[in-house]
Structures are given as C-alpha cells and as structure tokens.
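Taking it in order: structure first as structure tokens, then the write-up.
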Amino acid sequence: MAQLFQASTKVIEARVNGSSIRALSGSMVAYEGNVSFKSAGFGGGSGVLAGLKQRATGEALSLMECQGNGRIFLAVNAQHVCVIELNNEQLRVESRQLLALAGNLQTDVTFAGLRGASTGQGLFTTVVSGVGQVALLSAGGPLIHLEVSPQYPLVVDPDAFVCAKGNLQQSFVTDVSWRTVVGQGSGEAFSLRWDGVGLVSIQPAER
C-alpha cells in the first residue's frame, strides 16, 4: 500500500510500490522511479450525483492519480504540511487544505452553512472516511491541534478551520461581535462551534 511521509515541514513524500495515491493536481514538485500521472476527477465522490454536487457547491477538488513504483514529492506554495492517520474514521476537512490521500479512503462533500448572509457564499466541507492517510496543507505555519471535550466546546473562525476528527457536532455561533472589536466587522456572518469529544485543527492564517 502507498504511504505518505512528512519529508520536511513543507514537503510530503509519497512512496508507491505498484500502488497509487491521489494528490492535488499540480502539487508534484519532483519524483523518481517509474510513476505515471492522470486525472483522478474531483474530491466529492464519483458519478453523476457527485458532479452535480461539485457544480452546486463550487468546491470541486481537482485530484490527480499517481501510480507506479517510486517516490513522489508534493508541495503547494511553501505551505506547511501534516499527515493524519485514519482508522475507520471520518475526517471533515476544508477542501482547499487537502493535499493527498493514500489507502482505502472515500470522499464526499457536505454543506455546512453560509459564509456570509450578505454574499450568500456557501461553506462546504470534504468528508474523508475509511482507512489510510491524509496529507493536509496549513498556511502561515504548522497546524494547531485543539482538543474538544464536553466541558470545553471550541469556537473557531471558519477561515482558520482546517479539519475535525472524532465524535463532534458542528453548530454556528452568530454572535461575532469580537470581529468588530478587531476591525473585521465585514467578515464571516458566523463562527464554527464544536461540541463533543475530538480534535479540531486550525491554521494560523485566514484564507
């Protein structure tokens, strides 16, 4: 089975041995060995329904399939990278932060709400499930992993949110008076609130 490794803080190394990975189109910066590349479609699943979803959401995630024997190095705009292991779990991830998938993983797109009442722009999340590895991107620095417990729910800026894993329920906080205080009153109409038990990862920069 293909494996993902963090070669450096900003580069993912994928090793394929007669196997394949899916990676963000255009993210390959180098490779060695006998490796072929082809379009793998989008990150919203497969079939007509998935295609309709992608058109409706605007969250079409363009992926390429890297197959063969060798090593592939992946990076995007010097962003920081991280590898997360999934063992029959679900990972909810902001589509633009997804770099690569290895293993028996499926993807789908779910609607999470509206970014802003004035713009009506949708907020959509890619759900990755199964067994394997997921490589993620983080702008501004390494991912920050925050634990969520019943005693300590977590509220995050949707533009800083990267992924969430565990037994978590997502809701929206519409009181964003803190944005006015820091001079961002025209920003998102809500923040994301997470309750339950799990881990939420954010990046130290807004999209």
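Computed from a prediction, not measured in an experiment: that's the story for all the values here.
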[atom1]-[atom2] distance between [X] and [Y], expressed to the nearest 0.5 angstrom:
{"X": "Gln79", "Y": "Leu136", "atom1": "CD", "atom2": "CG", "value": "11.0 Å"}
{"X": "Ser129", "Y": "Leu91", "atom1": "OG", "atom2": "CG", "value": "10.0 Å"}
{"X": "Glu65", "Y": "Arg22", "atom1": "CD", "atom2": "CZ", "value": "8.5 Å"}
{"X": "Cys82", "Y": "Leu4", "atom1": "SG", "atom2": "CG", "value": "11.0 Å"}
{"X": "His145", "Y": "Leu199", "atom1": "NE2", "atom2": "CG", "value": "6.5 Å"}
{"X": "Thr126", "Y": "Arg96", "atom1": "OG1", "atom2": "CZ", "value": "10.5 Å"}

Next item on the list: Please say whether more than 12 non-hydrogen atoms of neighbouring residues, nucleotides or ligands are located less than 6.0 Å from CD in Glu147.
Entry: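 No, because the 6.0 Å sphere around CD of Glu147 holds 12 heavy atoms or fewer from other groups.
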
Next item on the list: Report, as yes or no, whether the 6.0 Å neighbourhood of atom CG on Asn69 holds more than 12 heavy atoms from other residues, nucleotides or ligands.
Entry: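 Result for CG/Asn69: enclosed.
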
So, for [X] and [Y], which heavy atoms are closest and what is the spacing to 0.1 Å?
{"X": "Gln3", "Y": "Gln133", "value": "CA-OE1, 3.3 Å"}
{"X": "Phe161", "Y": "Val156", "value": "CB-CG2, 4.2 Å"}
{"X": "Glu85", "Y": "Lys165", "value": "O-NZ, 3.3 Å"}
{"X": "Ser20", "Y": "Ala2", "value": "O-CB, 3.5 Å"}

Next item on the list: With sequence neighbours left out, write down each residue that passes side chain to side chain donor-acceptor pair (under 3.5 Å) with Gln106, or none if nothing qualifies.
Entry: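 Side chain to side chain donor-acceptor pair (under 3.5 Å) check on Gln106 returns Asn104.
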
Going by heavy atoms in the side chains, are [X] and [Y] under 4.5 Å from each other?
{"X": "Val81", "Y": "Leu137", "value": "yes"}
{"X": "Leu74", "Y": "Leu24", "value": "no"}
{"X": "Pro142", "Y": "Thr9", "value": "no"}
{"X": "Cys163", "Y": "Ile84", "value": "yes"}
{"X": "Asn87", "Y": "Val131", "value": "yes"}
{"X": "Leu192", "Y": "Gln170", "value": "yes"}
{"X": "Leu168", "Y": "Val200", "value": "yes"}
{"X": "Phe37", "Y": "Ile72", "value": "yes"}

Check: Which is it for Val134 and Leu101 under the side chain to side chain contact (heavy atoms under 4.5 Å, CB included) test, yes or no, and what are the steps along the way?
Finding: CA-CA 5 Å; Val134 182; Leu101 302 162; 3.9 Å; yes

Single-linkage hydrophobic cluster [X]~[Y], side-chain heavy atoms < 4.5 angstrom:
{"X": "Leu99", "Y": "Phe73", "answer": "no"}
{"X": "Val83", "Y": "Val76", "answer": "yes"}
{"X": "Val11", "Y": "Leu143", "answer": "no"}
{"X": "Met1", "Y": "Val35", "answer": "no"}

Check: What pairs with Arg193 under salt bridge (charged side-chain N to carboxylate O under 4.0 Å, His left out), at least two apart in sequence or on another chain?
Finding: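 Partners of Arg193 by the salt bridge (charged side-chain N to carboxylate O under 4.0 Å, His left out) criterion, ordered by chain and then number, come out as Asp195.
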
Checklist line | Member of Ile12, Leu63, Val16 meeting the side-chain contact (heavy atoms from CB on, under 4.5 Å) criterion with Ile21 | finding: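 The residue from Ile12, Leu63, Val16 that satisfies side-chain contact (heavy atoms from CB on, under 4.5 Å) with Ile21 turns out to be Val16.
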
Notebook entry, point to check: Which residue pairs pass the side chain to side chain donor-acceptor pair (under 3.5 Å) test with at least one member in residues 25-40, sequence neighbours excluded?
Noted result: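 Passing the test, one end in residues 25-40: Ser25-Ser62, Glu32-Arg71.
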
Check: So, Gln203 side chain and Ala139 main chain: donor-acceptor pair closer than 3.5 Å or not?
Finding: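 Yes, because the side chain of Gln203 sits within donor-acceptor range (under 3.5 Å) of the backbone of Ala139.
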
